[in-house]
Protein chains: 2
Amino acid sequence: MSTLEDVALVAGVSRASVSRVVNGKPGVAAHIVEAVTDAIARTGYVPNRAARSLVTRRSDTVLVVVSGSDTSRAGPWGPGELLADPFFGRVAGGLMSSLRPRDIHPVLMLAVTDDERSRVLSYVREGSADGVLLVSAQAGDPLPQMLTDAGLPVVLFSRPDHPLPLSYVDVNNRAGGALAADHLVARGCRSVGIVTGPLDIPGAEDRLLGFREAMARHGVAYVPSAPGTFSVESGATAMEALLTQHRVDGVFASNDNMAVGAILAAQERGLSVPDDVAVVGFDDSTAALMCRPTLTTVRQPIETMSAEMARLLLERLDAPDQRPSAAIFEPVLVERGSA
Amino acid sequence: MSTLEDVALVAGVSRASVSRVVNGKPGVAAHIVEAVTDAIARTGYVPNRAARSLVTRRSDTVLVVVSGSDTSRAGPWGPGELLADPFFGRVAGGLMSSLRPRDIHPVLMLAVTDDERSRVLSYVREGSADGVLLVSAQAGDPLPQMLTDAGLPVVLFSRPDHPLPLSYVDVNNRAGGALAADHLVARGCRSVGIVTGPLDIPGAEDRLLGFREAMARHGVAYVPSAPGTFSVESGATAMEALLTQHRVDGVFASNDNMAVGAILAAQERGLSVPDDVAVVGFDDSTAALMCRPTLTTVRQPIETMSAEMARLLLERLDAPDQRPSAAIFEPVLVERGSA
DNA sequence: CCCGCAACAGAGAGCGCTCTCTGCGCGCTC
DNA sequence: GAGCGCGCAGAGAGCGCTCTCTGTTGCGGG
């Protein structure tokens, strides 16, 4: 492996000049640039990241933390459970699209146990990452607090559950809920219900809120709800409750997984979707096309959102004293077969 | 941020002794260990990774590369498409379970374009990662070759499409195909077909091979097949072909996505699954529980496999001159509703 | 009583890079 | 023609760590 020194020797210039050329610094005479470029090609030189990082005190690396509760790790698919949701892959894809042009790379870390959470902290303290992108699937996650306390640049996916001086991206969940309500009403549903997510998660609460508000605008004061956990089975269970107790003819499930469960539960009872009961989901995930009828759902642009998330972090790294900001995206209703 | 020097000062010892204690080296007097431990706690010292990496020439980081073809990036869900499959999340989860105990962290990278492929190479050349874990969804991927040529420790998920001196993990795809065939025959299917994956992918070919061999053992010489691309829609299309042209009453789809598509296509024609036509999938992915009937499928233990994959790489890093090895896992048939 | 050896602490070099600071030479002005 | 400033290359320090090599101490044996 050749070093700056080697290149300098071959080019017949000083180490400093080679460094200037490698980093594209201005104020280098053309003939030197050429000599160095040539020498780099001949030696196959690649700068050593550790050495550079040591002096610049930047790592050109960001930490991507997926945070979840203890239980989420031990699902039917074992330890990969938390990440098995396509959601995370889509987020990762979005992040990378912003990071790649800057040649910054994401390191993946799970933060489920306390041990893992403190590992996240020390990883950044080590100088191994310049900032943190946090995707939290957990209510009351202490990590955002810990990280901002440590003075680290952090960007969240989803609004934090209590106000914190950090940037985040989110979809306008209330507007999304309203979109679902308006659509069900426009379809002619007379008795609508909602399958909520875990209500300690702000996004889930907002979807409920937006749905209820819109229904109120349509003159419906009471909206029956049944709680779910964002899983397919929980959606089915909640749907059964709604069907037995409230004879609903329209349901808004707060994510696509639960919407799929809801459709299956309705069909199991011999009901037709959307004729007997219409179902609207949320996310527009890959599951939306895997069921029949295909899912009418509120799309959140996950890739765009996570790309923006990375962009916000990059911005913070460039200007650390900037105030945190939030990017809220407007959801869109995608009409398919289920409602 | 405090340094070794600071700790040494506080503890009243030399930098070297602090280093020895931090790294758990033997031959340090108990009172020194205590003084240093104490000083570390007081100063909140965390070793700087770049500095350590610079001298040890190890980064304690591995590169996880997801390789795919150009087209796979521009699916209906945009740039995250390739990663939107739960498969990758499950692989990531498995990898991390092996890596975490060793405090080695995965850096994620996509290798779809040539530019990205060469970035993978330079990343490792920079000394930023000690080895590569490659998950390739692409036939004829030049990356495995490039990496072994560069003399890097690499472990693959799936057998490479031409022999290469590197380690890999895989499921016994032929045995999996046979499992599906045996099950369909045992159920009493008289006319079975197969929906294959892209046949330039070794795993997809092996599933076909194993299926055909087993059918031959059951006295069936000819098995109609229809090609798919591992997507839900391609499974539906292939199923239609099989149904029209061969009036099959049993189908093996080479992955769960296509199996879901196959079930939907059959139901669209008014056929009952499994009574009119039985469907067996492959993977046991999250999709297997999202359809009705639930999917009978050949399970490959993805988390276990990817954990082993990371373990093999770690082994290679510890003993670089070791010969490459392969770990082949036996699949299991999971019987549910569809067959 | 002195020598030898083990056991362990400390000194110091150096990993590959960046960056400031110095110095040199050129062209300009007065 | 002397002085000044500017543009640009090189020298050298030092980022925080590891590791080898040297030095010191304390013990046992001759």
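Residue numbers begin at 1 in each chain, while the letters A, B, ... track the order of the sequences.
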Report task. For each nucleotide in nucleotides 5-18 of chain C, reading 5' to 3', give B when a protein heavy atom comes within less than 4.0 Å of its base, S when such contact involves only the sugar-phosphate, and - otherwise. Result -> ---SBBBBB-BBBB
Requested in this report: Within residues 122-129 of chain A, find the residues that approach DNA chain C with a heavy atom at under 4.0 Å, and present them sorted by residue number.
Outcome: none
Query raised in the report: Considering residues at least two apart in sequence or located in another chain, which fulfil the salt bridge (Lys or Arg N to Asp or Glu O under 4.0 Å) criterion with B/D60?
Result: B/R58
Query raised in the report: Can you name the salt bridge (Lys or Arg N to Asp or Glu O under 4.0 Å) partners of A/R57, sequence neighbours left out?
Result: none
Report task. With the side chain counted from C-beta on, respond yes when A/D6 and A/V10 share a heavy-atom pair under 4.5 Å apart, and no when they do not. Result ->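 No, too far: nothing below the 4.5 Å cut-off.
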**Report entry** B/R311 with B/E308: basic N within carboxylate O range, under 4.0 Å
**Finding:**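 Looking at B/R311 and B/E308, the cut-off is met.
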**Report entry** side chain to side chain contact (heavy atoms under 4.5 Å, CB included) partner of B/M146, chosen from B/L152, B/D141, B/L121
**Finding:** B/L121
Report summary line: So ring pair (Phe, Tyr, Trp, His ring centres under 6.0 Å) across residues 19-69 of chain B, not counting sequence neighbours, yields none
**Report entry** side chain to side chain donor-acceptor pair (under 3.5 Å) contacts touching residues 316-327 of chain B (sequence neighbours left out)
**Finding:**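 Found B/R102-B/D318, B/E315-B/Q322.
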